[in-house]
Amino acid sequence: MAASPTTSPSLELPADATLPERHPEAPAPGEPIPPHSAVCFGCADVPHGLRLEFRVAEDPAGGAAVAARMVLRPDQQGAPGLLHGGLLTAAFDEVLGSVVALVTRPCVTARLETDFRRPMPIGSTLWLHARVDGRVGRKLYVTGTARLDAEDGPVVGTAKALFLKVGMEHFLRNSRPEDLEALGVSAEQIRAARS
Ligand SMILES: CCCCCCCCCCCC(=O)SCCNC(=O)CCNC(=O)[C@H](O)C(C)(C)COP(=O)(O)OP(=O)(O)OC[C@H]1O[C@@H](n2cnc3c(N)ncnc32)[C@H](O)[C@@H]1OP(=O)(O)O
């Protein structure tokens with residue numbers, strides 16, 4: 001039977017995956033990870049954003065891991081007094097993406113699955129953790145956990161994702177030219193990537 005167009009390959013870690021180390025220039029465990037962009041919905045200090053705060057976490061196996069914190073605001077409600085579920089998925093996208101960036105960059109999310117395990121009351125704090133479980137070529141397999149109000153609090157959500165390493169041309173070809181130019185990319189570079 002033909003696969004449905006919405007069916008993607010599995011997110012299970014392949015048997016030939018290897019555990020990637022942090023890039024030598026990545027921050028060390030305990031150090032904060034600054035926003036990767038001043039306007040990012042996930043990590044920048046923008047009024048409407050998630051405003052996640054990050055640090056590099058220790059990984060017992062020597063791999064790449066991050067810890068992050070997010071305070072749940074009244075403007076993030078879905079059900080009354082509870083976090084909108086899509087925002088947990090957005091938080092996982094950011095947190096899992098940030099741990100991948102400790103290994104290699106740039107990467108983009110190809111697939112992300114969220115399991116919602118408990119309601120998340122507005123006013124509480126999410127403590128998120130993510131780890132790169134393995135790499136096969138361009139593919140990075142990542143998992144994450146969100147806990148309520150403490151680093152060892154009850155699990156409210158878990159996630160699995162596949163990120164793919166891309167070249168800078170991914171952004172040069174697809175991002176809005178004015179946003180690239182604001183980062184210092186020349187119109188000529190954008191034209192060349194798109195020709
Ligand atoms: C200048 C300033 C910069 C500034 C840089 C700043 C960086 C900021 C980063 C922000 C990150 C994001 O927000 S990401 C935002 C959300 N994500 C996106 O927009 C990505 C949209 N999707 C895409 O562009 C594309 O589908 C890609 C790049 C993900 C994949 O396309 P591709 O590169 O052509 O790769 P493709 O051949 O299709 O697939 C390669 C392998 O991966 C597998 N694969 C592909 N998709 C999936 C999937 N969903 N689930 C399972 N497996 C998959 C394929 O089966 C294949 O396996 P095999 O046959 O090899 O075994």
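No hydrogens, no waters, no symmetry mates; every other heavy atom, side chains included, goes into these values. Bear in mind that the values here come from a model prediction, so they are computed numbers and not experimental data. Just follow the structure's listing: the first ligand is 1, and inside any ligand the first atom is 1.
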Does [atom] have a protein heavy-atom neighbour under 4.0 Å away?
atom	result
atom 36 (P) of ligand 1	no
atom 20 (C) of ligand 1	yes
atom 13 (O) of ligand 1	no
atom 24 (O) of ligand 1	yes
atom 17 (N) of ligand 1	yes
atom 33 (O) of ligand 1	yes
atom 53 (C) of ligand 1	yes
atom 46 (N) of ligand 1	yes

[X] neighbourhood, listing ligand 1 atoms whose heavy-atom distance to it stays under 4.0 Å:
X	result
His170	24 (O)
Val166	28 (C)
Arg111	48 (C), 49 (N), 50 (N)
Met168	1 (C), 3 (C)

Can you tell me which residue and heavy atom of the protein come closest to [atom], and the distance to 0.1 Å?
atom	answer
atom 7 (C) of ligand 1	Phe171 CZ, 3.9 Å
atom 15 (C) of ligand 1	Thr109 OG1, 4.4 Å
atom 50 (N) of ligand 1	Ser8 CB, 3.3 Å
atom 2 (C) of ligand 1	Leu183 CD1, 4.1 Å
atom 55 (O) of ligand 1	Pro9 CG, 3.9 Å
atom 49 (N) of ligand 1	Ala110 O, 3.0 Å
atom 44 (N) of ligand 1	Leu162 CD2, 4.1 Å

Shortest non-hydrogen separation from [X] to [Y] and the atoms involved:
X	Y	result
Gly63	Arg22	O-NH1, 4.1 Å
Ala130	Val99	O-CG2, 3.7 Å
Ala150	Trp127	N-CD1, 3.2 Å

Euclidean distance, Thr125 OG1 relative to Arg69 CZ, rounded to 0.5 Å:
5.5 Å
Does some non-hydrogen atom of Arg138 fall short of 4.0 Å from ligand 1?
yes
Tell me, yes or no, whether the heavy-atom count around [X] atom [atom1], taken from other residues, nucleotides or ligands under 6.0 Å, exceeds 12.
X	atom1	result
Arg194	CZ	yes
Glu31	CD	yes
His36	NE2	yes

With heavy atoms under 4.0 Å as the rule, classify the contact between Leu164 and ligand 1 as side chain, backbone, both or neither.
side chain
Where's the contact between Arg105 and ligand 1, heavy-atom distance under 4.0 Å: side chain, backbone, both or neither?
neither
What I'd like to find out is whether the side chain of Glu169 reaches to under 4.5 Å of the side chain of Phe171, using heavy atoms alone.
no
I want to check something: taking the side chain as every heavy atom from C-beta on, are Pro177 and Glu181 in contact at a cut-off of under 4.5 Å?
yes
Side chains of Thr143 and Lys160 only: does a donor on one sit below 3.5 Å from an acceptor on the other?
no
Can you find a side-chain donor-acceptor pair between Thr89 and Thr114 that sits under 3.5 Å?
yes
Atom 11 (C) of ligand 1: which of Ser10, Ser37, Cys107 has the nearest heavy atom?
Cys107
Compare Lys139, His36, Glu113 and give the one whose heavy atom is closest to atom 41 (C) of ligand 1.
Lys139
If you apply the rule side-chain contact (heavy atoms from CB on, under 4.5 Å), what do you find for Cys107 with Leu164, and how did you get there?
CA-CA 5 Å; Cys107 294; Leu164 280 177; over 6 Å; no
One thing to verify: whether Asp152 and Arg147 come together as a salt bridge, which I'm taking to mean a side-chain N less than 4.0 angstrom from a carboxylate O.
no
Salt-bridge present (Arg51, Glu53; N to O < 4.0 Å)
no
